[in-house]
Asker: 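Please see the structure below; I have some questions.
Order of the sequence lines fixes the chain letters, A, B, ..., with proteins taken first and strands second; residue numbering starts at 1 for each chain. Not measured: the values here are computed from a predicted model.
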Protein chains: 2
Amino acid sequence: MKISELATKTRVPAKTIRYYETAGLLNTPLREANGYRCYSTDDIDTLIFIRRCRELNIPIDEIKQLVAVQRKPEASCDTVDNIIAEQLARVRQTQQELAQLEQALAMLATSCSHKQVQNCAILQSLKAD
Amino acid sequence: MKISELATKTRVPAKTIRYYETAGLLNTPLREANGYRCYSTDDIDTLIFIRRCRELNIPIDEIKQLVAVQRKPEASCDTVDNIIAEQLARVRQTQQELAQLEQALAMLATSCSHKQVQNCAILQSLKAD
DNA sequence: CTTGACCTTCCAGTTACTGTAAGCTTTATG
DNA sequence: CATAAAGCTTACAGTAACTGGAAGGTCAAG
């Protein structure tokens, strides 16, 4: 199958598929006589797996580990567990930071009663160290 | 004042100050005879303002507008209001996305009972389209 | 035969810095 | 006074994960 077919079947843009290849996430595919990339059905599964990981914001480098560990069926799940746990921790950390941000912005947003810039309470707040 | 003094007074790294200059966020400073940048006390205020905006995750381009509008004291606060409101909307949007991410990751994290990769429920889930 | 849709590679741009290198000037120390 | 350390300068590269665009080859249809 050519790259555009793989792209529609996995809902990953062709451009991104080529990028994943250079990033070492996807095996270098066979080429047809004309130089076009030629993919197998296995590549569909791998690419969907990658897409699902990316939707969970898992970094490329860690997806690489997840792809690699699947080639060793006897290995323990520790790597997998750790990557998911780390990702969850990152997400929760970001959530906390965003909650503080939201507080600060919400207070700012209501602080100015639509006057002129020279009296703007928002700008005043932002000037304070 | 030289760049390192400005850096300590504003808690913005000297490297970042130079970057803000090339990014058009800071006026090009005067130079001493030896070529060293020479800053005024006004630069302290501007830079603290910029740092506070960055702490609220406001993009450089929008900080540029906020800095510019302060040079027109008679202007209305609309630009300021809009930028803060947009930033707040962005933050809330990201919060929603992260909440979904957290759900998905939390479910994944508890799904595998430490077996082998070949039976790993996490990996199974990630393979499904 | 030519038009349009795909395919290829390579280079540049995105965001907001940060690291590093090479080379000056100034300050501190022996 | 010599020199070494600290601080200043510029310029280039790297980060993450793509995305856009240019230039050019290939293939099927009308």
Asker: Tell me whether B:Asp43 contacts the main-chain N or O of B:Ser40 through its side chain, where contact means a donor paired with an acceptor under 3.5 Å.
Answerer: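 Side chain of B:Asp43 to backbone of B:Ser40: a pair is present.
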Asker: Could you measure the distance from the CG atom of A:Leu88 to the CD atom of A:Gln95? Nearest 0.5 Å is fine.
Answerer: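 CD of A:Gln95 is found 8.5 Å from CG of A:Leu88.
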Asker: What is the distance, to the nearest angstrom, from the CE atom on B:Met1 to the P atom on D:dG7?
Answerer: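 Nearest whole value for this atom pair: 17 Å.
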Asker: When the distance from CD of B:Glu21 to P of C:dC17 is rounded to whole Å, what number comes out?
Answerer: 15 Å
Asker: Judged by atom type as modelled, is there a donor-acceptor pair below 3.5 Å linking the side chain of A:Gln103 to the main-chain atoms of A:Ala99?
Answerer: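 No; judged by distance alone, with no hydrogens or angles, the pair does not exist.
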Asker: Could you tell me if the side chain of B:Leu26 sits less than 4.5 Å from the side chain of B:Ile50, heavy atoms only?
Answerer: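 They are in contact (side-chain heavy atoms under 4.5 Å apart), so the answer is yes.
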Asker: Using side-chain contact (heavy atoms from CB on, under 4.5 Å), reason through B:Lys9 and B:Tyr39 one step at a time and then give a plain yes or no.
Answerer: CA-CA 12 Å; B:Lys9 281 192 171 141; B:Tyr39 293 99; over 6 Å; no
Asker: Return no unless some side-chain N or O of A:Arg54 is found under 4.0 Å from OP1 or OP2 of D:dC18.
Answerer: yes
Asker: Check step by step if salt bridge (Lys or Arg N to Asp or Glu O under 4.0 Å) holds for A:Glu55 and A:Arg11.
Answerer: CA-CA 12 Å; A:Glu55 286 167 359; A:Arg11 301 201 298 279; 5.6 Å; no
Asker: Which residues in residues 24-33 of chain A have a heavy atom closer than 4.0 Å to any atom of DNA chain C?
Answerer: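 Going residue by residue through residues 24-33 of chain A, the ones with a heavy atom under 4.0 Å of DNA chain C turn out to be A:Arg31.
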Asker: Using OP1 and OP2 only, check whether a side-chain N or O of B:Tyr20 sits under 4.0 Å from C:dC17.
Answerer: yes
Asker: Would you say A:Arg52 and A:Ile48 make side-chain contact, with heavy atoms under 4.5 Å?
Answerer: yes
Asker: Could you say whether B:Glu5 or A:Asp61 is positioned toward the 5' end of DNA chain D, judged by the nucleotide with the nearest heavy atom to each?
Answerer: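 Upstream on the strand: B:Glu5.
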Asker: Over how many whole Å does the gap from A:Lys64 atom NZ to D:dA16 atom P extend?
Answerer: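 Rounded to whole Å, this separation is 10 Å.
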Asker: Output the rounded distance in Å from CD1 (A:Ile63) to P (D:dA16).
Answerer: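 A:Ile63 atom CD1 is separated from D:dA16 atom P by 13 Å.
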Asker: What is the distance, rounded to the nearest whole Å, between atom OH of A:Tyr19 and atom C1' of C:dT9?
Answerer: 17 Å
Asker: CD of A:Gln100: more than 12 outside heavy atoms within 6.0 angstrom?
Answerer: no
Asker: Would you tell me if any nitrogen or oxygen in the side chain of A:Thr16 comes within less than 4.0 Å of OP1 or OP2 on D:dT19?
Answerer: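 Indeed, a polar side-chain atom of A:Thr16 lies that close.
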Asker: Is B:Arg37 close enough to D:dT10 that one of its side-chain N or O atoms is under 4.0 Å from OP1 or OP2 there?
Answerer: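 So the side-chain polar atoms of B:Arg37 do come within 4.0 Å of the phosphate oxygens OP1 or OP2 of D:dT10, strictly under.
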Asker: Specify the separation, in whole Å, of atom CD1 of B:Ile17 and atom P of C:dT18.
Answerer: 12 Å
Asker: Could you check B:Lys2 against A:Ser4 and say which one's nearest nucleotide on DNA chain C is further toward the 5' end?
Answerer: A:Ser4
Asker: Which whole-number value in Å describes the distance from A:Tyr39 OH to C:dC7 P?
Answerer: 10 Å
Asker: Could you tell me how far apart A:Ile3 (CD1) and C:dT8 (P) are, to the nearest whole angstrom?
Answerer: 5 Å
Asker: Do any N or O atoms from the side chain of A:Gln87 and from the backbone of A:Leu56 form a donor-acceptor pair under 3.5 angstrom?
Answerer: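 Indeed, once roles are kept as given, a pair shorter than 3.5 Å links the two residues.
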Asker: Below 3.5 Å between N/O atoms, which protein atoms pair up with nucleotides 20-25 of chain C? Just atom names and distances, please.
Answerer:
{"residue": "C:dT20", "atom": "O4", "partner": "B:Lys15", "partner atom": "NZ", "Å": "2.5"}

